[in-house]
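A short write-up of the structure that comes next.
The chains referred to below are lettered A, B, ... by the order of the sequence lines, with proteins before strands, and numbering in each begins at 1. Atoms considered below: every heavy atom in the structure, side chains included; atoms not considered: hydrogens, waters and symmetry mates.
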Amino acid sequence: MTVDLKLNVSDVKVIQEELLNWYQIHKRDLPWRKNRDPYRVWVSEIMLQQTRVDTVIPYYERFMKQFPTLQDLAQAPEEKVLKAWEGLGYYSRARNLHTAVKEVAEKYNGKVPDDPKKISKLKGIGPYTAGAILSIAYNRKSPAVDGNVMRVFARLFALKDDIALAATRKKMEAIAEQIIPVDSPGDFNQSLMELGATICTPIGPQCLFCPVHAVCNAYKQGIQEELPYKKRAKPPQKVSVLFLGVTCGNQFLIEKRAERGLLKGMWSLPTLENMKEDQAETDLLPICKEWGFLIRDMRKIGNLEHIFSHRHWKITLITIDLQEKPRDFSSNWKWIRQDQIKEFAFPTAYRKAIDMLF
DNA sequence: AACCCGTGGCC
DNA sequence: TGGCCAAGGGT
């Protein structure tokens with residue numbers, strides 16, 4: 001692929017040398033930088049997708065303690081993996097990682113492939129993650145263009161492309177191809193990301209401390225704060241939902257969510273979505289009757305809110321105590337003892353609601 | 001291409 | 001408070 005952007009050869013040299021030197025001195029001591037084990041790099045890259053370093057660190061430490069090797073993860077039951085992921089969000093990442101790790105264990109004898117075509121076919125490994133693993137773990141020259149790199153490039157070369165577009169990422173990858181030094185692609189890719197995370201930040205970049213500000217076009221023009229350009233995201237849609245805390249003696253009712261959509265396949269409280277704000281609680285009684293609930297007590301506990309990236313739940317939490325368990329019930333339901341609650345992986349919205357109940 | 005998919009921190 | 005952001009991938 002050719003790029004219309006012509007990179008100045010001497011600038012490229014400056015960028016390579018300055019960034020590598022700077023990275024050597026300023027790189028953070030992060031747990032996934034202890035060694036270059038492809039499995040460890042892989043897990044870190046998946047956890048770091050759309051997730052901050054500070055958030056990931058404790059999850060990564062626990063995960064590696066529980067699943068030290070690729071084989072350990074491959075042999076683990078999915079519920080253990082999801083439990084280790086509880087609270088991290090984007091739970092498909094955990095399932096895809098588990099699926100892909102099992103595939104590597106079986107098809108590649110436990111060795112993470114270093115072939116771009118093979119590694120890219122694994123579940124959950126897209127263009128960025130493939131490039132990151134290949135460059136960091138195998139020192140192969142391959143672009144790893146994430147949000148940091150796009151921001152750094154947008155400023156370095158004063159690019160006004162919308163970084164939300166797929167075409168822009170491809171353009172950035174083409175630029176990366178021209179800049180990555182063959183000798184140390186892993187360190188160079190990481191230096192770009194490290195710079196974006198610590199100096200070339202989205203707001204208030206510290207250009208005076210930047211090792212490449214002398215060759216930065218945005219800095220020269222004083223437009224570093226305006227870049228990168230990104231189309232505004234739509235605000236999350238507000239939805240009223242009911243969470244039901246259903247008990248019967250010391251038994252507690254949990255529900256497995258549908259296999260598609262938000263929080264797919266995750267354990268939850270019985271949830272009534274798409275309810276009209278004011279009708280929700282009046283609609284509840286007939287539904288309970290339909291479910292064969294013999295109600296001993298029902299009361300509203302309170303309201304809470306939970307904001308996903310594209311959905312805003314206005315939650316009403318209601319407890320329902322039953323005289324006896326209904327004879328037949330939804331196949332998504334499971335009665336558990338209250339002391340078993342901690343064994344299941346609940347998304348944060350439900351974990352917080354459950355904490356209000358017990 | 002546009003939308004879906006979590007969470008927490010910051011101002 | 002609302003908006004924005006963070007080492008993206010799947011569909």
Side-chain angles (χ1 to χ4, degrees), chain A residues 27-28 30-33 40-60 82 85-97 99-100 119-137 143-152 162-170 172-173 176 186 189-198 200-205 228-238 257-266 268 305-313 345-352:
Chain A
K27 68 176 172 188
R28 291 167 292 178
L30 301 171
W32 43 90
R33 288 179 177 163
R40 291 175 55 87
V41 173
W42 183 3
V43 172
S44 76
E45 291 302 341
I46 300 299
M47 284 190 173
L48 285 162
Q49 288 170 4
Q50 300 293 285
T51 311
R52 292 188 144 73
V53 166
D54 289 344
T55 304
V56 167
I57 289 175
Y59 279 91
Y60 184 80
L82 286 172
W85 212 269
E86 183 182 38
L88 242 196
Y90 286 140
Y91 299 97
S92 292
R93 292 183 297 174
R95 281 202 198 83
N96 290 338
L97 172 64
T99 301
I119 199 172
S120 296
K121 281 182 185 156
L122 296 169
K123 279 276 188 335
I125 298 188
Y128 162 74
T129 305
I133 297 173
L134 290 172
S135 63
I136 297 172
V145 175
D146 70 340
N148 285 314
V149 176
M150 287 203 278
R151 183 170 59 258
V152 170
D162 182 349
I163 63 168
L165 299 177
T168 304
R169 202 204 70 244
K170 294 200 172 187
M172 301 284 190
E173 284 176 344
N189 278 343
Q190 291 189 85
S191 76
L192 285 172
M193 294 188 273
E194 194 82 351
L195 186 76
T198 61
C200 195
T201 48
I203 296 171
Y229 170 73
K230 188 180 183 183
K231 185 186 54 195
R232 262 195 53 192
K234 280 187 254 180
Q237 180 192 357
K238 292 184 181 175
R257 289 179 60 82
E259 289 303 327
R260 49 181 40 202
L262 187 61
L263 303 175
K264 54 172 160 284
M266 300 299 291
S268 70
E305 294 193 19
H306 192 81
I307 304 171
F308 303 96
S309 48
H310 63 295
R311 193 93 59 223
H312 183 154
W313 276 0
F346 291 100
T348 301
Y350 293 102
R351 180 58 66 187
K352 285 182 176 167

So A:W313, base contact, sugar-phosphate only, or nothing? Heavy-atom distance under 4.0 Å. nothing

Any base atoms under 4.0 Å from A:S44, or only sugar-phosphate, or nothing? Heavy atoms, all strands. nothing

Under 4.0 Å between any heavy atoms, over every strand shown, what does A:I203 touch: base, sugar-phosphate, or nothing? Just pick one. nothing

A:E305 and A:H312: side chain donor to acceptor below 3.5 Å: yes

Answer yes or no: does a side-chain N or O of A:R260 lie under 4.0 Å from OP1 or OP2 of C:dG10? no

Would you please test A:S268 and A:R351 for side-chain hydrogen bond (donor to acceptor under 3.5 Å, both in side chains) and show each step? CA-CA 8 Å; A:S268 70; A:R351 180 58 66 187; over 6 Å; no

Base, sugar-phosphate, or nothing for A:L30, non-hydrogen atoms under 4.0 angstrom? base

List the steps and the verdict of ring pair (Phe, Tyr, Trp, His ring centres under 6.0 Å) for A:F308 and A:H306. CA-CA 7 Å; A:F308 303 96; A:H306 192 81; 4.7 Å; yes

Measure the distance from CG on A:D54 to C1' on C:dC5 and round it to the nearest whole Å. 14 Å

Walk me through it: do A:W32 and A:I136 pass the test side chain to side chain contact (heavy atoms under 4.5 Å, CB included)? CA-CA 11 Å; A:W32 43 90; A:I136 297 172; over 6 Å; no

Salt-bridge test for A:E194 and A:R33: reply yes if a basic N is under 4.0 Å from a carboxylate O, no otherwise. yes

Would you kindly check whether a donor in the side chain of A:R52 faces an acceptor in the base of C:dC5, or vice versa, at under 3.5 angstrom? yes

How would you label the contact of A:A166 with the nucleic acid (heavy atoms, under 4.0 Å): base, sugar-phosphate, or nothing? sugar-phosphate

What distance do A:K123 atom NZ and A:I125 atom CD1 have between them, rounded to the nearest 0.5 Å? 11.5 Å

Considering just the side-chain nitrogens and oxygens of A:K121, establish if one lies under 4.0 Å of OP1 or OP2 belonging to C:dG10. no

Closest approach to the side chain of A:L165, judged atom by atom: which nucleotide of B:dG6, C:dA7, B:dA2 is it? B:dA2

Between B:dG8 and C:dG9, how many Å separate the two P atoms, rounded to a whole number? 22 Å

So, does A:R311 get its side chain near the phosphate of B:dC5, meaning an N or O under 4.0 Å from OP1 or OP2? yes

To the side chain of A:H306, which of B:dA1, C:dA7, B:dT7 is closest? B:dT7

A:K170 NZ - B:dA1 C1' separation (whole Å): 12 Å

If you measure only the distance, is there a donor-acceptor pair under 3.5 Å linking the side chains of A:Y128 and A:E45? yes

What contact category does A:R151 fall into here, base, sugar-phosphate, or nothing, at under 4.0 angstrom with non-hydrogen atoms? sugar-phosphate

Counting only distance, no hydrogens or angles, is the base of B:dG9 paired donor-acceptor with the side chain of A:T55 under 3.5 Å? no

What is the distance from CD of A:Q237 to P of C:dG2, rounded to the nearest Å? 16 Å

With respect to the phosphate group of B:dC3, does any side-chain polar atom (N or O) of A:K234 fall under 4.0 Å of OP1 or OP2? yes

Whole angstrom is fine here: how far is it from CG in A:N96 over to C1' in C:dG8? 12 Å

Which nucleotide in the list C:dA7, B:dG8, C:dC4 gets nearest to the side chain of A:N148? C:dA7

Does C:dA7 have its OP1 or OP2 closer than 4.0 Å to a side-chain nitrogen or oxygen of A:Q49? no

Which nucleotide sits closest to the side chain of A:K230: C:dG8, C:dC5, B:dT7? C:dC5

Calculate the interatomic distance between A:E259 atom CD and C:dT11 atom P; express it in whole Å. 13 Å

Rounded to whole angstroms, how far apart are OH on A:Y91 and C1' on C:dG10? 18 Å

Separation of atom CD1 in A:I46 from atom C1' in C:dG9, rounded to whole Å: 9 Å

C1'-based separation of B:dA1 from C:dA6 [nearest Å]: 23 Å

Just call it for A:G261: base, sugar-phosphate, or nothing, with non-hydrogen atoms closer than 4.0 Å on any strand. sugar-phosphate

For the side chain of A:L262, counting heavy atoms from C-beta on, which of C:dG9, C:dA7, B:dG6 is nearest? B:dG6

Using whole Å, report how far CD1 of A:I307 lies from C1' of B:dG8. 11 Å

Does a side-chain N or O from A:H310 land closer than 4.0 Å to OP1 or OP2 of B:dC5, or not? yes

Measuring from the side chain of A:F308 (C-beta onward, heavy atoms only), which nucleotide among C:dA7, B:dT7, C:dG8 has the closest atom? B:dT7

For A:R257, report the nucleic acid contact type (base, sugar-phosphate, nothing); a contact means any heavy atom under 4.0 Å. nothing

When the P atoms of C:dT1 and B:dG6 are compared, how many Å lie between them, rounded to an integer? 24 Å

Report yes if a side-chain nitrogen or oxygen of A:S92 is closer than 4.0 Å to either non-bridging phosphate oxygen (OP1 or OP2) of B:dC5; otherwise report no. no

On DNA chain C, more 5' by nearest nucleotide between A:S120 and A:L48 is A:L48

Just by distance, with hydrogens left out, do A:N148 and A:R151 show a side-chain donor and acceptor under 3.5 Å apart? yes

